[in-house]
Amino acid sequence: MKKLVISVIAMAAAMGMSATAAHAEWYAGASYTNYDFDNAEVGGVTGRLGYKFHPNFAVEAEGTAGVDDDDNAELDHAAGIYGVGILPVSSNFDVFGRVGYQEVEIDGSGPVADISDDGVGYGVGANYRFANGLGLRGEYTRLDGDVEADTFSLGGVVNF
């Protein structure tokens, strides 16, 4: 499954290289992401870089460093790569769905064991763009691996 997801994302990125410059747009963002596992809830600061090669399609990579720990767990890091389908609702607002590959590492103690897992990540979200390429992004992503988690993220985005 991991190879299939990576292949689909790579194929979408390759198709994007042939897109016209009128549609190409880079974006970057920073957000706070909350990870809700069965036995632990941790949070981190997420950095994201994406390339929108068509009004309806993008690829993005993200990395998260832990900053908010549970009594028995600490987020070491998380990283992922996603293909993104975008539905523009207005000139400043769009909704999106994304699917990709995600890995996460949690240092556990007490009743929570260490977690080192990878798998498919999928979710939905929305972007609202203010003036001058600045915006707000919120999203929900489900991580499916040997260990499952729900993540919620809210942060800023810059389009350039």
Side-chain angles (χ1 to χ4, degrees), residues 1-37 42-68 75-106 116-145 147-160:
M1 182 67 156
K2 179 175 25 173
K3 290 181 183 179
L4 174 64
V5 170
I6 292 172
S7 297
V8 168
I9 293 169
M11 191 168 48
M15 289 178 358
M17 299 304 170
S18 64
T20 64
H23 294 293
E25 179 180 283
W26 287 94
Y27 60 92
S31 61
Y32 177 80
T33 303
N34 185 73
Y35 290 78
D36 188 4
F37 292 89
V42 295
V45 174
T46 300
R48 182 175 293 112
L49 179 63
Y51 182 70
K52 186 175 179 181
F53 55 85
H54 182 276
N56 301 107
F57 299 103
V59 292
E60 62 186 31
E62 66 184 28
T64 303
V67 296
D68 188 16
L75 175 64
D76 185 28
H77 74 274
I81 185 166
Y82 290 89
V84 183
I86 304 161
L87 177 62
V89 177
S90 72
S91 61
N92 341 5
F93 182 73
D94 52 60
V95 294
F96 62 87
R98 66 187 201 146
V99 63
Y101 170 75
Q102 175 87 20
E103 66 91 20
V104 63
E105 288 196 22
I106 304 283
S116 181
D117 196 23
D118 62 348
V120 174
Y122 54 90
V124 296
N127 285 308
Y128 180 77
R129 285 175 295 286
F130 305 105
N132 300 323
L134 299 176
L136 184 64
R137 174 180 169 140
E139 70 184 58
Y140 161 80
T141 301
R142 174 76 173 171
L143 306 180
D144 275 338
V147 177
E148 298 175 341
D150 294 307
T151 72
F152 300 92
S153 180
L154 183 62
V157 65
V158 176
N159 298 287
F160 49 96

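- Listed for the D36 side chain is no donor-acceptor partner under 3.5 Å among the backbone atoms of A149.
- The side-chain heavy atoms of Y101 and D118, taken from C-beta on, include a pair separated by under 4.5 Å.
- Here the closest non-hydrogen pair linking L49 and A28 is CD1-CB, 4.2 Å.
- With hydrogens and angles ignored, the 3.5 Å screen pairs no side-chain donor or acceptor of D76 with any backbone N or O of E105.
- Across V42 and L75, no two heavy atoms sit closer than the pair CG2-CB, 3.7 Å.
- Looking only at side-chain heavy atoms (C-beta outward), V84 and V59 stay at 4.5 Å or farther from each other.
- Using modelled atom types and a 3.5 Å distance limit, the side chains of Y128 and D94 yield no donor-acceptor pair.
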Evaluate the criterion side-chain contact (heavy atoms from CB on, under 4.5 Å) for residue pair T64 and H77; output intermediate values, then yes/no. CA-CA 5 Å; T64 303; H77 74 274; over 6 Å; no
Under the side-chain contact (heavy atoms from CB on, under 4.5 Å) rule, what do R129 and R137 come out as? Steps first, then yes or no, please. CA-CA 9 Å; R129 285 175 295 286; R137 174 180 169 140; over 6 Å; no
Under the side-chain contact (heavy atoms from CB on, under 4.5 Å) rule, what do Y35 and L143 come out as? Steps first, then yes or no, please. CA-CA 9 Å; Y35 290 78; L143 306 180; 3.9 Å; yes
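- Looking only at side-chain heavy atoms (C-beta outward), F96 and N127 come within less than 4.5 Å of each other.
- Looking at D68 and Y32, their side chains do bring a donor and an acceptor atom within 3.5 Å of each other.
- Ring orientation note: the planes of F57 and F53 are close to parallel, at an angle under 30° on the 30°/60° scale.
- Between T141 and F152, the closest side-chain pair of non-hydrogen atoms is not below 4.5 Å.
- Side-chain contact between R48 and E139: present, with at least one pair of heavy atoms (C-beta onward) separated by less than 4.5 Å.
- Considering every non-hydrogen atom in both Q102 and G80, the closest pair reads OE1-CA, 3.7 Å.
- Here CG of D150 is found 10.0 Å from CZ of F37. Values are rounded to the nearest 0.5 Å.
- Taking both residues in full, the closest heavy atoms of L154 and S31 are given as O-CB, 3.3 Å, listed atom of the first, atom of the second, then distance.
- Donor-acceptor pairing under 3.5 Å is lacking for the side chains of T33 and T151.
- Residues A58 and Y27 approach most closely at CB-OH, 3.8 Å, considering heavy atoms.
- Across V104 and A78, no two heavy atoms sit closer than the pair CG2-CB, 3.9 Å.
- Aromatic ring pairs are classed by plane angle as parallel below 30°, tilted from 30° to 60° and perpendicular above 60°; the pair F160 and W26 is parallel.
- By the 6.0 Å and 45° rule, R98 stacks over the aromatic ring of Y82.
- Of the charged side-chain nitrogens involved, none lies within less than 4.0 Å of a carboxylate oxygen, so that K52 and E60 do not count as a salt-bridged pair.
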